[in-house]
Amino acid sequence: MLEKIAHKLTRNPKLVAIIAVLLLIPSILGAAATHINYDILSYLPEELDSVKGEALLEEPFHMAATTMLIVEDMPPEYTNQLVAQVEAVPGVSSAIWLSNLVGIQFPTEMLPNDLRDIFFSGKATMMIVQYDNPGASEATMKAIDAVRGICNKNCFLAGFSVFIRDTKDLISKEMPLYVLCAAVLSIIAMCVTMESSLLPVALMLSIGLAILYNFGSNILLGEISFITQAIAAVLQLGVTMDYSIFLYDRYREEAPHYEDKRDAMAVSIVSAFKSLSGSSMTTIAGFLALCFMRLTLGRDIGLVMAKGVVLGIATVILVLPAILLLMDDAIQKRHHRCLRLNTDGLNAFVVRHRKFFVGLFLLLFIPAVYANNHTQMYYKLDEAVPQDMPSIVSNNKLKDDFNMASTHFVVMSDAVDHGSMKELEQAIDDLPGITSVVAYDKLLPDGIPDFFIPEDLKKICKQDGYQMMMINSSYVTASDQVSQQLDALNALLKQYDPNAYITGEAAMTNDLIQVANEDFRVTSYLSILAIFVLVAIAFKSISIPILLVATIELAIFINQGIPYFTGSEVAFITPTVISCIQLGATVDYAILMTTRFQEEIQKGLDRKEAIQRAAGAADVSILTSALVFFCSTLGVALISTMDLISGICLMLSRGAVISALVCMFILPSVLVVFEPLIAKTTLHWRTPKSPKSGGSAPAAPSQEAALPQGKETVSHEV
């Protein structure tokens, strides 16, 4: 069946190319229609109290998004007029200021201290703006733009929703640069290691199609996160380019054996499918491990990237052959001198000093694991963006002028009596770090009967049996102080209402910290277990998966431990993503080395000579693969002004190089030293494979063991 499909594909390359181009139409439409989620906190598990509280703010209070509008050096008449203009903006549910509460004519000095401190600070005053829709919704984004549009230069709009709006603008502006830089650097890297200047372009066309197909099919998921959108293209390029190189190398290997190059390509398609469908399993397993995170951002990245790998293989098998056949003559004409590396001397040195390198392998785990476990992480998202963004400037003003570094929202039953509420509010005021409390009983001076309170004002604080309080804190989000404050606040609230919820950016970020720490352990263990099983099945061995996974884990520990030695912090999501992706994507380097080693052993060579030959054959392929991965992610790390994105890509690019170096320097020594143990714990380790019969062309070794030999013929030469 597969042979028939391959035969038909190679007989109609122009038709295949036309169909591939036509498929871009729904892909582009699907990519454009896919919603991008810029709110990381929305990926928290729904069973958390902070998430339940956020849902109540959305319905019935219609306050899922709240911003603070600071007005400096302007007369009260301007602010009063601005309140009416802000309230008229579609998507704004309310704007709370002095004029809503006691009227603009009421003397400021006669206001209660708590009320005055909330809305006034020196020459600045603050307005609380609330929105109908969630903070990251398109309606709220448009409302924020409209509010900004009616403000003058003395107005500053602060809040998490405003930060999301600015993040969206930043990513939208930089996203095309990510893809362009990754493509250019990858083409340059391939031009250095390939003999044809046009071949990298042909391979990039295939990968480009696969990336667009992947982005277009994201419409089936409903939405993707902005992190996924930013890194998916470059990551897919880095991990799937090897598949394209493998197909082309196999085609050049088969071409001399056939008069018609289409027959050679058909044989190559069959071989590529059998090999790549197995070798890609480790990469897919690494991505799918992310799906088990409680923070569903991991599932978002994992599904998109696993799908990207599958579509990458499909494009290599179905579309790339047509591109190569159509461009073959031009590719052969544009030859140039390329980099040729001879690592025989290096490999001989490594084998001679194998005991030293095995000792180094074991000793490196101590500082690497320690540094990995002590690398500092940050969870405050505004630390990951340029500090001159308008939302960051406004948030800093809110903190400096009004002593509001974070805001907590409390949703609780309105059945709590007036006396208990006054007692609770006073107890909250007395907590360390609390600067002000906005509650139903504090919005108006004492002595005014309940029936005098405007209905619109009541709706702000009480709805459907619930009441809401806004508590301002001088402690910054994601700090130890705010975490302790939230614990104390939660304990206090439960005394008055066991079903009270605390929500807001600080509360949700506090939950995010706990969830992320748990996710890191779970996903790391799952990715190790999945890849251990795949390698064990492929080699029919117990010892080989232990040695290979340990080798790549060392590379991961080194990669993730470097920030500890440099004194830098990494984003909370980075270690989880790196541990799964680096293991899944670069364990193929170790698999390739081990496969070639087994082949040489089965030829009857002693283990020292076998590892030198295996390393000589595998080194350049490993370096080529690592170089493409490195270049595709390094560009994003260098040009992205958002540390969350640049940090992930920097560690991915660095991880590819570290994994390659570990596989070239340490793994050969480990394999040759532990070869007797491998032979005892691996089925048919030294047994020569019987030659396959049939076929006019010699069978490639990669056809004999799909997973371990999937990248065997990847080469720097054309």
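Atoms considered below: every heavy atom in the structure, side chains included; atoms not considered: hydrogens, waters and symmetry mates. Along the sequence shown, residues carry numbers from 1.
- Checked by atom type and distance alone, the side chain of Ser541 pairs as donor or acceptor with a backbone atom of Ile544 at under 3.5 Å.
- More than 12 heavy atoms of other shown residues, nucleotides or ligands fall within 6.0 angstrom of atom NZ in Lys494.
- With no hydrogens or angles considered, no side-chain donor-acceptor pair links Thr140 and Asn133 at under 3.5 Å.
- Side-chain polar atoms of Ser217 and Lys307 form a donor-acceptor pair below 3.5 angstrom.
- Separating the CG atom in Leu311 from the CG atom in Leu209 is a distance of 11.5 Å, to the nearest 0.5 Å.
- Relative orientation of the Phe572 and Tyr379 rings is parallel, given thresholds of 30° and 60° on the angle between their planes.
- Closest approach of Ser632 and Val636 over heavy atoms only: O-CG2, 4.2 Å.
- Side-chain atoms of Gln485 and Ser473 form a donor-acceptor pair, as typed in the model, at a separation below 3.5 Å.
- Residue Glu47 places its CD atom among more than 12 non-hydrogen atoms of other residues, nucleotides or ligands, all under 6.0 Å distant.
- Between Thr282 and Asp588, the side chains place a donor N or O and an acceptor N or O closer than 3.5 Å (distance only, hydrogens not considered).
- Remark: the Ser579 side chain and the Gln560 side chain contain no N/O donor-acceptor pair separated by less than 3.5 Å.
- Heavy-atom neighbours of Phe292 CZ from other residues, nucleotides or ligands within 6.0 Å: at or below the threshold of 12.
- No side-chain donor-acceptor contact under 3.5 Å links Glu138 and His35.
- For Phe365, the CZ atom sits in a packed shell: over 12 heavy atoms of surrounding residues, nucleotides or ligands are nearer than 6.0 Å.
- No hydrogens or angles considered: a donor-acceptor pair under 3.5 Å links the side chains of Asn510 and Ser483.
- Atom CZ of Phe287 and atom CE of Met305 lie 4.0 Å apart (nearest 0.5 Å).
- In this structure, a donor-acceptor pair under 3.5 Å is absent between the side chains of Ser646 and Ser640.
- Glu174 and Thr641 share a side-chain donor-acceptor pair at under 3.5 Å.
- Salt-bridge check for Asp169 with Lys173: failed, with every basic side-chain N at 4.0 Å or more from each acidic carboxylate O.
- Heavy-atom neighbours of Tyr525 OH from other residues, nucleotides or ligands within 6.0 Å: at or below the threshold of 12.
- At most 12 non-hydrogen atoms from other residues, nucleotides or ligands lie less than 6.0 angstrom from CZ of Phe273.
- Looking only at atom types and distance, the side chain of Asn373 has no donor-acceptor partner in the side chain of Tyr564 under 3.5 Å away.
- Within the structure, every pair that satisfies the salt bridge (Lys or Arg N to Asp or Glu O under 4.0 Å) test and touches residues 508-536, not counting sequence neighbours, is listed here: Arg294-Glu518.
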